[in-house]
Amino acid sequence: MFKNIAQVHGNPTSTSSALRRENLDIWQPYFEGGHEASMVGAPDVIKPSEKVEDYSPHINGNPVFTISDEIGSPDGGFTMASINSNGDLKSPVDLSDKRLPDEDAEKQPLSGKKEERWWNTLVQVAVPFFIAGCGTIGAGLVLGSVRDWDVFVEVSAIFVLVPSLSGLKGNLDMCLASRLSTQANLGNMDSPREVISMVVGNISLVQVQAIVAATVVSLFAIVVNTITDQALNGNYVLLIISSAIFTATTTCFVLDFVMVIVIFGSQKFKLNPDNVATPLAASIGDIVSNSVLALTAQYMFEQIKTSLWQPITLLCVYYCLLPIWVLIVWRNKYTKKVLTTGWTPVISALFISGIGGIVLDQAVDRYPSYEVFQPIVNGIGGNLVCVQSSRLATHLHQTAIPGVLPENTRIIEWPWKTLFYGTPAAKVARMLLILAVCGQIVFMIVADFVYQGFVSIQVSFGICYVMCSVVQVMVLLYLAYILIHFMWKKKKDPDNAAIPYLTALGDLLGSVFLGLAFVILSIFGLQYGNNVPGSGYPAKIKDCTRAKETTVL
């Protein structure tokens, strides 16, 4: 049995694919078939904490073993046998403590089957980044124009919903984009039948999560505003819940199909989906989400004055569809596990974003035009950190097994190594920070010009705005590195668990840092818009405060 193996083993130029091809008939009796294949004399699944050499059959003193996949698609098994330059079998995961020098570590590819040139990565990230940035500008302008609508004045809980629903939509769509991007990079999207199954299962999963999560965040907004305003209106409860569910499900359903098209287009044109899909998913839907929420809430606000059948009917339809979506997800092999395990990060992220919503609700009453820039800061931060997190997750799926980190990788690194120099993630992090600075300057000027009709940005405001944005992105990139590697070590799939936390933290940090910038500027009398003729800045603050006092949920 070992004759053919010795022939391949002794040839220095042989590859692992040649070994599998020439000895398929020899190894066939040792496998029970498929993804959960096991070997005679070895357990079905070898835990990373155990010494696999003690359980695996050996060839010339070298272990040969397989490890089943506990994360990702059922077809994404890990075959841990490879051949080195001397023709010896070895495991690609070396658990030694040997550390590469920083200059060598940074040269290791972070995503994709081979290392990308830095300019390729920059172009692939920059184009969708600036497209998505236009969406965040539009989201801020929409929010600035609708803040005086009757529903936003009378039902202040809507402001709490804005970052939560934007974050929810971003979380669900980005998790979908990250999952499909990982499968595309792993080569699991070649079969049309499997692709259809994967897409249908994931879109159905997003609908389930959207209905449940929108209900939860609506109740959160109602409770918060009931406590702060010390009043409750039952009609407004129906308005808030129905508007939130319709906004979340509609925007997610439409944008999910856009993400699928983007990922397939990226594959067709030899682009890395991690660089293209996640930025678009992060921000392109913000303007759609804010617009749909404003229009739906205003329509429901007008309707409930005469009857309640519209919001009640809407809620009944969606809650009746919920069991159908659950059944589709449960029968799909790609999403069944996520249905039972993917709720903690989504629900936790909602409450984190909800705190950001409380900050928004308070800030818009004290600092006019805050709502114009808040979606831009939050959207750009979530945009960039999702590029990094998706690439890190793909890198781990390609180079490691769940529970075991790649060689020369630690969960906690020094911040400058993850952001500037010393790890494979640093090269991309530097690009993202440069994009953050350049992008925020451009987006800030464009948003100001569109909102005011001319450029009114003062140097003091520009410096504070860019500084708070860059600090937010730096914190998010560092947290992303720690969180993703920690989850991988705990055998959690970062594609499903990391992004909700990161985007929610982006919403919270962006809202808080931008609020601090407005506070600091107001202390020194340098508020945004105080140089605009006829703006009446102090009067605006008084009017906003007076409106808040008369607002009843």
Asker: Return the CD1 to CG distance between Ile484 and Leu502, rounded to the nearest 0.5 Å.
Answerer: 6.0 Å
Asker: Taking the side chain as C-beta and beyond, is there a heavy-atom pair between Ile380 and Ser469 under 4.5 Å?
Answerer: no
Asker: Mark yes when over 12 heavy atoms from residues, nucleotides or ligands other than Phe454 sit less than 6.0 Å from its CZ; otherwise mark no.
Answerer: yes
Asker: May I ask you to check whether Phe443 and Phe130 place their ring centers less than 6.0 Å from one another?
Answerer: yes
Asker: What do the steps show when you test Val473 against Val385 for side-chain contact (heavy atoms from CB on, under 4.5 Å), and what is the final call?
Answerer: CA-CA 7 Å; Val473 174; Val385 74; over 6 Å; no
Asker: Looking at Trp488 versus His395, is the centre-to-centre ring distance below 6.0 Å?
Answerer: no
Asker: Which atom names give the shortest non-hydrogen contact between Ser242 and Leu315, and what distance separates them?
Answerer: CA-CD2, 3.7 Å
Asker: Working note: Tyr421 + Arg430, criterion side-chain contact (heavy atoms from CB on, under 4.5 Å); need CA distance, chi angles, decisive distance, verdict.
Answerer: CA-CA 8 Å; Tyr421 186 79; Arg430 290 196 302 266; 4.2 Å; yes
Asker: Would you say that more than 12 heavy atoms from the other residues, nucleotides or ligands in this model lie under 6.0 Å from the CD1 of Ile412, or not?
Answerer: no
Asker: Using the six-membered ring wherever Trp is involved, compare the ring planes of His485 and Tyr481 and label them parallel, tilted or perpendicular (cut-offs 30° and 60°).
Answerer: tilted
Asker: Evaluate the criterion side-chain hydrogen bond (donor to acceptor under 3.5 Å, both in side chains) for residue pair Tyr367 and Gln527; output intermediate values, then yes/no.
Answerer: CA-CA 8 Å; Tyr367 306 106; Gln527 301 92 334; over 6 Å; no
Asker: Please check: side-chain N/O of Asp448 versus main-chain N/O of Ser456, any donor-acceptor pairing under 3.5 Å?
Answerer: yes
Asker: Could you state the interatomic distance from CD1 (Ile376) to CD (Gln440), rounded to the nearest 0.5 Å?
Answerer: 7.0 Å
Asker: Under 3.5 Å, side chain of Ser145 to main-chain N/O of Val142, donor-acceptor pair present?
Answerer: yes
Asker: Check whether any side-chain heavy atom of Cys468 sits under 4.5 Å from a side-chain heavy atom of Leu516, and report yes or no.
Answerer: no
Asker: For Glu413 and Thr418, run side-chain hydrogen bond (donor to acceptor under 3.5 Å, both in side chains): C-alpha distance rounded to whole Å, both residues' side-chain angles, the deciding distance at 0.1 Å, then the answer.
Answerer: CA-CA 7 Å; Glu413 282 283 5; Thr418 60; over 6 Å; no
Asker: Could you check whether any side-chain heavy atom of Leu238 comes within less than 4.5 Å of a side-chain heavy atom of Ile304, counting everything from C-beta outward?
Answerer: no
Asker: Enter the distance from Thr251:OG1 to Leu165:CG here, rounded to the nearest 0.5 Å.
Answerer: 8.0 Å
Asker: Indicate the atoms forming the closest heavy-atom contact of Leu392 with Ala480, along with that distance.
Answerer: CD1-O, 4.3 Å
Asker: Drop me the distance from Asp507's CG to Leu360's CG, to the nearest 0.5 angstrom.
Answerer: 10.5 Å
Asker: Using 30° and 60° as the class limits, which term best fits the ring planes of Trp416 and Trp414: parallel, tilted or perpendicular?
Answerer: parallel
Asker: About how many Å separate OG of Ser164 and CG of Leu350, when rounded to the nearest 0.5 Å?
Answerer: 6.5 Å
Asker: Return yes if some donor-acceptor pair links the side-chain N/O of Thr306 with the main-chain N/O of Gln303 below 3.5 Å, else return no.
Answerer: yes
Asker: Using a 4.5 Å cut-off on heavy atoms from C-beta on, say whether the side chain of Phe420 contacts that of Lys427.
Answerer: no
Asker: Could you tell me which non-hydrogen atom of Leu384 sits nearest to which non-hydrogen atom of Ala436, and how far apart they are?
Answerer: CD1-CB, 3.6 Å
Asker: At their closest point, which heavy atom of Arg366 faces which heavy atom of Pro368, and how far apart are they?
Answerer: O-CD, 3.6 Å
Asker: Is a side-chain N or O of Thr296 found less than 3.5 angstrom from the main chain of Leu293, in a donor-acceptor match?
Answerer: no
Asker: Between Arg147 (side chain) and Val364 (backbone), is there a donor-acceptor pair under 3.5 Å?
Answerer: yes
Asker: If you count the non-hydrogen atoms of other residues, nucleotides and ligands that lie under 6.0 Å from OH in Tyr319, is the total more than 12?
Answerer: yes
Asker: Say whether, by atom type as modelled, one donor and one acceptor occur between the side chain of Ser389 and the main chain of Cys386 under 3.5 angstrom.
Answerer: yes
Asker: Start with the C-alpha distance between Leu314 and Met300, add both sets of side-chain angles, then the distance that settles side-chain contact (heavy atoms from CB on, under 4.5 Å), and finish with yes or no.
Answerer: CA-CA 11 Å; Leu314 188 66; Met300 291 294 180; 3.8 Å; yes
Asker: Kindly say whether Val288 contributes a backbone atom to a donor-acceptor pair with the side chain of Ser291 at under 3.5 angstrom?
Answerer: no
Asker: Answer yes or no: is there a donor N or O on one side and an acceptor on the other, between the side chain of Gln207 and the main chain of Trp325, under 3.5 Å?
Answerer: no
Asker: May I ask you to decide if the ring planes of Tyr528 and Phe373 are parallel, tilted or perpendicular, using 30° and 60° as cut-offs?
Answerer: perpendicular
Asker: List the residues meeting ring-ring contact (aromatic ring centres under 6.0 Å, His included) with Phe449, not counting sequence neighbours, and say none if there are none.
Answerer: none
Asker: Any side-chain heavy atom of Ser353 sitting closer than 4.5 Å to one from Leu508?
Answerer: no
Asker: Flag the pair Gln209 / Leu205 as yes when at least one side-chain heavy-atom distance between them is below 4.5 Å, and no otherwise.
Answerer: yes
Asker: List the atom of Ser369, the atom of Tyr451, and the distance in Å for their closest heavy-atom pair.
Answerer: OG-CE2, 3.3 Å
Asker: Mind running side-chain contact (heavy atoms from CB on, under 4.5 Å) on Val359 and Tyr370 for me, showing each step along the way?
Answerer: CA-CA 11 Å; Val359 174; Tyr370 172 90; 3.9 Å; yes
Asker: Take the angle between the ring planes of Phe246 and Tyr318 and call it parallel below 30°, perpendicular above 60°, tilted in between.
Answerer: perpendicular
Asker: How many angstroms lie between atom OG1 of Thr136 and atom CD of Gln374, to the nearest 0.5 angstrom?
Answerer: 11.0 Å
Asker: Tell me, do Asn378 and Ser511 make a side-chain contact under 4.5 Å, heavy atoms counted?
Answerer: yes
Asker: What's the shortest heavy-atom distance between Thr247 and Ser243, and which atoms?
Answerer: OG1-O, 2.8 Å
Asker: Is any side-chain heavy atom of Leu505 closer than 4.5 Å to a side-chain heavy atom of Ile352?
Answerer: yes
